[in-house]
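The structure under discussion appears below in the form of structure tokens.
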Amino acid sequence: MLSNLPPFVVFFVGALLVAFTKGSVRKALLLAIPLIGGLNLWFGVEPGVHLQFELMGYTLTPFRADKLSLLFGYLFHLAAFLGFIYALHLGDGTPDGSVADEVGETDIVGNKSAGLQHVSAMLYAGSAIGAVFAGDLITLFIFWELLAITSAFLIWARDSDRSFATGFRYLIIHVVSGVMLLSAALMIAHSTGSIAFEHIDLESAGAGGWVLLLAFGIKAGFPLAHNWITEAYPESTPTGTVFLSAFTTKVAVYALARSFAGADVLVIVGTAMTFFPIFYAVLENDLRRVLGYSMVNQIGFMIAGIGIGTALAVNGAVAHAFADVIFKGLLFMSMGAVLTMTGRSKGTDLGGLYKTMPITATLCIFGAAAISAFPLFSGFVTKSMIMVAAIEEHHYIVWLFMLFASAGVLEHAGIKIPYFAFFAHDSGIRTKEPPKNMLIAMSIGAVLCVLIGMFPMQFYTLLPYEMDYHPYDTTHVLVQLQLLCFGAIGFVTLMRTGIYPDEKRAVHIDGEVLYRKLGPWLVRSIGGAVARVDMYVRSSVMEFVGSVLRSANRWHGSEGPLARSWPTGSMVLWVAILLAAYLVFYL
Amino acid sequence: MSHDDHGSLKEPIGWMDKPDLVKRLFTVLYVLAGILLVAEFVLGRENAHPHPWEGMPLFYAVYGFASFWFLVLLARPMRKLLIRSEDYYEGGGRYEEDSDAE
């Protein structure tokens with residue numbers, strides 16, 4: 001019945017309903033909307049173009065479905081559903097047992113902004129869904145910008161000076177990405193006559209193709225464009241970050257998979273993204289920021305897979321995106337639960353929480369096992385496709401880097417996150433488990449991590465391309481367990497020898513220094529220099545004008561010799577003298 | 001969990017507070033590692049994707065262990081170079097060691 005209705009409409013109408021309802025009606029709506037949308041998509045939408053029309057000479061396609069877009073469509077409905085379960089307690093006051101007000105942040109949950117958060121999250125999820133079913137670049141652009149605007153409110157909802165500034169930087173970066181997308185769309189339309197959102201060959205598309213790649217890249221967190229992730233995720237509300245982590249970057253991964261599969265440059269960019277963030281993740285203190293770096297690292301695997309471009313590699317990339325939304329969402333949920341109940345998210349402040357939050361700790365470990373790619377967990381059956389594709393295509397160096405990065409994932413997400421939050425030294429914080437809805441959302445996430453890991457063949461049927469891949473064979477399980485087990489021993493030895501760096505209350509300079517320090521400094525210095533030159537020129541000109549005025553005043557002013565009014569007597573005297581002289585000469 | 005004798009505050013004792021248990025956990029890890037090493041020779045390992053290094057015995061175990069050390073040994077000098085005070089972007093400057101003493 002709804003099969004020709006673009007799926008985002010359900011969410012946009014839903015957001016309107018959520019805005020005008022309260023209490024249990026609103027809660028029911030929050031759960032029903034993604035559920036209805038998801039069921040409609042699962043049972044009612046077949047691959048094909050469902051909505052298309054002409055506008056000013058361009059063919060707009062707001063609803064085009066194929067296996068690739070359907071996979072992300074299912075994923076985003078699932079993510080929205082889990083996210084809203086997780087955020088259901090907003091507006092219900094401070095959770096029982098929360099000690100968050102000890103650290104001065106009285107409304108850490110964001111109760112005051114509950115309505116704003118729900119409505120913007122609903123619009124945000126709808127925008128992500130609109131983007132993946134967009135069949136042309138103009139429609140994509142509209143949802144691309146909507147993603148930016150709606151999600152910025154999830155950062156501002158934290159209602160602190162820091163989140164206000166961060167939200168603005170976030171918005172500017174994403175609007176720039178959107179403007180680049182629109183420019184690229186126009187350039188491509190000019191050169192090819194089509195605005196279809198399809199595969200683009202970088203060699204023949206010209207500059208438009210590269211601008212489009214960069215526009216996607218900013219949202220995907222390419223190196224040096226990655227800091228919006230590490231900045232925004234720790235600054236949003238506990239529940240807002242869960243939504244943020246699910247949608248924006250995955251829309252970008254989808255867009256790259258659709259348009260740039262097989263682009264060699266992505267192999268290098270992706271590998272770089274798997275590599276450098278893991279060093280920052282070792283050093284970083286804020287555990288939600290560690291997860292931000294972890295996000296960049298995981299997207300790196302996906303982008304490298306897209307760059308390799310074989311059916312196995314691209315399947316691996318999108319499968320890993322699917323798994324990542326769930327396990328990274330679970331990790332962000334567990335850290336959000338810790339932040340909700342303690343008001344803290346830094347390694348230096350936390351520790352020992354397993355005593356009072358044992359269920360949260362256990363669920364966090366499920367997410368940690370999934371992201372570390374333990375056999376029987378989702379990461380194992382998705383990431384390995386990319387790794388195998390890399391080696392099949394003879395990208396040996398890339399493969400070695402990715403294997404190293406896999407060990408890095410175990411270090412920061414598999415061990416560091418649960419260890420510093422729940423174990424390590426006892427921080428003395430005594431709290432309780434988070435609200436039930438949070439625990440339920442995390443439990444569903446944990447179950448999904450295991451289900452995907454245990455039944456990969458069923459999961460693989462959702463993937464867009466044909467392939468023949470079986471993750472479970474003795475060798476693969478054995479070598480992965482060796483890698484993880486000896487990695488863990490590496491961690492133990494580093495801790496025991498005291499070589500492992502302590503958590504420190506500090507920041508470590510990253511790419512954001514370019515726009516947070518260097519940019520303002522440049523503006524100040526250039527502005528200062530211009531101001532000095534301007535002052536010099538102005539004062540010299542004023543000096544000159546002043547001196548002209550002074551000299552004019554001296555000669556022509558009221559006391560000046562040339563302006564003096566002479567008495568009649570002296571005039572008569574001078575006339576007499578002149579006459580006398582005249583007489584002398586002529587007589 | 002147990003009640004603190006000196007007050008009404010619940011002071012939970014966890015398994016991490018028992019060094020014997022933690023030690024036993026490490027023993028389990030080492031035993032598991034040993035089993036995995038032996039398993040490679042007992043079960044054999046298919047080298048389905050011939051990479052010059054992958055074929056070496058115990059490649060993954062060595063690589064996993066070495067990766068952790070490499071990661072941390074490179075992160076330490078990186079920290080020296082890049083660390084700044086927590087309010088660096090709000091006008092702060094160098095990192096002072098005593099800011100961790102809170």
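The chains referred to below are lettered A, B, ... by the order of the sequence lines, with proteins before strands, and numbering in each begins at 1.
Ranked by non-hydrogen atom pairs under 4.5 Å with chain B, the options A/Leu484, A/Ile278, A/Val513 are led by A/Val513. Looking only at heavy-atom pairs under 4.5 Å with chain B, the residue among A/Tyr354, A/Phe491, A/Tyr500 that has the most is A/Tyr354. Between chain A and the residues B/Ala75, B/Ala39, B/Ala61, the largest count of heavy-atom pairs under 4.5 Å involves B/Ala61. Note: A/Ile499 leads A/Val492, A/Thr474, A/Ile499, A/Asp502 in heavy-atom pairs under 4.5 Å with chain B.
In this structure a side-chain-to-backbone donor-acceptor pair under 3.5 Å is missing from A/Glu393 to A/His395.
Both the backbone and the side chain of A/Val479 come within contact range of chain B, with heavy atoms under 4.5 Å apart. For A/Glu512, the parts sitting under 4.5 Å from any heavy atom of chain B are the backbone and the side chain alike. The contact between A/Asp510 and chain B is made entirely by backbone atoms, counting heavy-atom distances below 4.5 Å. With a threshold of 4.5 angstrom between heavy atoms, A/Ser406 does not approach chain B through any atom at all. Neither the backbone nor the side chain of A/Ala165 comes within less than 4.5 Å of any heavy atom of chain B. Of the two parts of B/Ile83, the backbone and the side chain both hold a non-hydrogen atom closer than 4.5 Å to a non-hydrogen atom of chain A.
Both the sub-6.0 Å distance and the 45° axial angle are not jointly satisfied by B/Arg84 relative to the ring of B/Tyr95. Under the 6.0 Å distance and 45° angle rule, A/Lys517 counts as a cation-pi partner of B/Tyr88.
Under the side-chain contact (heavy atoms from CB on, under 4.5 Å) criterion, B/Pro57 pairs with B/Glu40, B/Phe41, not counting sequence neighbours.
More than 12 non-hydrogen atoms from other residues, nucleotides or ligands lie less than 6.0 angstrom from CG of A/Asp473. For CH2 of A/Trp521, the number of neighbouring non-hydrogen atoms (other residues, nucleotides, ligands) closer than 6.0 Å is 12 at most.
Within residues 28-37 of chain B, the residues having any heavy atom closer than 4.5 Å to a heavy atom of chain A are B/Leu29, B/Tyr30, B/Leu32, B/Ala33, B/Leu36, B/Leu37, listed by residue number.
Taking every heavy atom of both residues into account, A/Lys416 and A/Glu284 meet most closely at NZ-O, 2.7 Å. Contact detail for A/Arg430 and A/Val99: the closest heavy-atom pair is O-CG1, 3.7 Å.
Under the 6.0 Å cut-off for aromatic ring centres, A/Phe380 and A/His476 qualify, their centroids lying closer than that.
Ring pair B/Tyr60/A/Trp399 is perpendicular by interplanar angle, where above 60° counts as perpendicular and below 30° as parallel.
Under the ring-ring contact (aromatic ring centres under 6.0 Å, His included) test applied with A/Phe275, the options A/Tyr280, A/Phe301, A/Phe401, A/Tyr293 reduce to a single match, A/Phe401.
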